[in-house]
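Report on the following structure.
The chain is numbered in sequence order, starting from 1.
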Amino acid sequence: METTRKLKDQIAIVTGASSGIGAGVAKALAAEGAKVVINYSSSPDKAEKVLEEIKATGGNGLTIKADVSNEKEVVEMFQQTISHFGTVDILVNNAGLQKDAKFHEMTLEQWNYVLGINLTGQFLCSREAIKEFLRRGVVPQRSKAAGKIVCMSSVHEVIPWAGHANYSASKGGVMMLMKTIAQEYAPMKIRVNSIGPGAIRTPINHAAWQTPDAYNQLLKLIPAKRIGEADDIGGAAVWLASDDSDYVNGITLFVDGGMLLYPGFEDNG
Ligand code: NAD
């Protein structure tokens, strides 16, 4: 029986897709028929492995090296994608990292580094994506929208995080960047939403789940009593990128096992 693939023939760029959530999202979009650009900054082997997995299941894609905080490299990544696949329909702004420090010890370099990738990177990629969405407009055979952007935010766009001021500030910034461009381009049928992951098992936070002690501490923050997996985010990204969410614009979809439910009150506080 022919299955309906929700993203058939659409072109997606996923930044930071050589590991963790980005790799999971790239595979989930490809499984729904999208051709996926697997962006990476430093690990060509890992990016190629993700592409091989996609091809092994009948999918299609391309790996492109670009540092999302570098304007020239981002512009070139979009040019390369458009010359290879013809256009871009979906951008997943996933690349991000942490450089943790107590606030009074945080260097300007640590601050600028995190903001440069986590926030300016999303600005640069979104700007190039929106230029292409506006140029092309809606192609009804592919999607009701002229383009879709999914920003990888975090529960830390709303939960303050001591020792991570640069990271939380970057995600708070992503929230307002996402809402503002959603408002600005909704009339042109461009949709911009975020995913706010809770704790997902990836290299970024291995210290929080690699030992039983750390894992049990982490579970105190998660009413669902399990850590999230990249697949949990993949499903949310497919929904936000597909016409199933065509009337959804400017929201953060939290995928966090209930982390935002004030779990400290579970036993009456
Ligand atoms: P990860 O470290 O596996 O993935 C981050 C990816 O970004 C890596 O592939 C890395 O190479 C890439 N990257 C870093 N700097 C880059 C740059 N300058 N240009 C291009 N790519 C770059 O970690 P992850 O958990 O998969 O993180 C993905 C996103 O999810 C991040 O934005 C992170 O803030 C967010 N997030 C993760 C969690 C979690 O619990 N894992 C929770 C909330 C939000």
Distance-only side-chain donor-acceptor flag, [X] / [Y], under 3.5 Å:
{"X": "S126", "Y": "N93", "result": "yes"}
{"X": "D213", "Y": "T211", "result": "no"}
{"X": "E157", "Y": "T252", "result": "yes"}
{"X": "K148", "Y": "S143", "result": "yes"}

Salt-bridged, [X] to [Y], with N to O below 4.0 Å?
{"X": "R136", "Y": "D89", "value": "yes"}
{"X": "E32", "Y": "K6", "value": "no"}
{"X": "R226", "Y": "D232", "value": "yes"}

Query raised in the report: Among the clusters formed by ILVMFWY side chains lying less than 4.5 Å apart, do I190 and F123 turn up in the same one?
Result: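 In one cluster: yes.
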
Checking [X] side chain against [Y] main chain: does a donor-acceptor pair fall under 3.5 Å?
{"X": "R135", "Y": "T87", "answer": "no"}
{"X": "D256", "Y": "L260", "answer": "yes"}
{"X": "H84", "Y": "T81", "answer": "no"}
{"X": "N166", "Y": "K99", "answer": "yes"}

Query - V150 and L91: CA distance, side-chain angles, deciding distance, side chain to side chain contact (heavy atoms under 4.5 Å, CB included) verdict - result: CA-CA 6 Å; V150 178; L91 165 68; over 6 Å; no

Query - Residue pair K131, E128: steps toward the salt bridge (Lys or Arg N to Asp or Glu O under 4.0 Å) verdict - result: CA-CA 5 Å; K131 282 183 198 166; E128 295 314 301; 3.0 Å; yes

Query raised in the report: Is Y215 atom OH crowded by more than 12 heavy atoms from other residues, nucleotides or ligands, each under 6.0 Å away?
Result: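 Enclosed: over 12 neighbouring heavy atoms sit under 6.0 Å from OH of Y215.
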
**Report entry** Y167/L97 under side chain to side chain contact (heavy atoms under 4.5 Å, CB included): CA gap, chis, key distance, verdict
**Finding:** CA-CA 8 Å; Y167 184 84; L97 44 64; over 6 Å; no

Query raised in the report: Between F85 and N60, does a side chain to side chain contact (heavy atoms under 4.5 Å, CB included) hold up when you go through it step by step?
Result: CA-CA 11 Å; F85 286 124; N60 189 3; 4.1 Å; yes

Query - Smallest separation among heavy atoms of S18 and K46, with atom names - result: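 Answer, listing the atom of S18 first, then K46: O-CB, 3.5 Å.
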
Query - Chi angles and distances behind the salt bridge (Lys or Arg N to Asp or Glu O under 4.0 Å) call for R191, D243 - result: CA-CA 10 Å; R191 295 191 298 111; D243 283 351; 5.1 Å; no

Query raised in the report: What orientation do W209 and H206 show, parallel under 30°, tilted 30 to 60°, or perpendicular over 60°?
Result: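 Rings of W209 and H206: perpendicular, as their planes differ by over 60°.
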
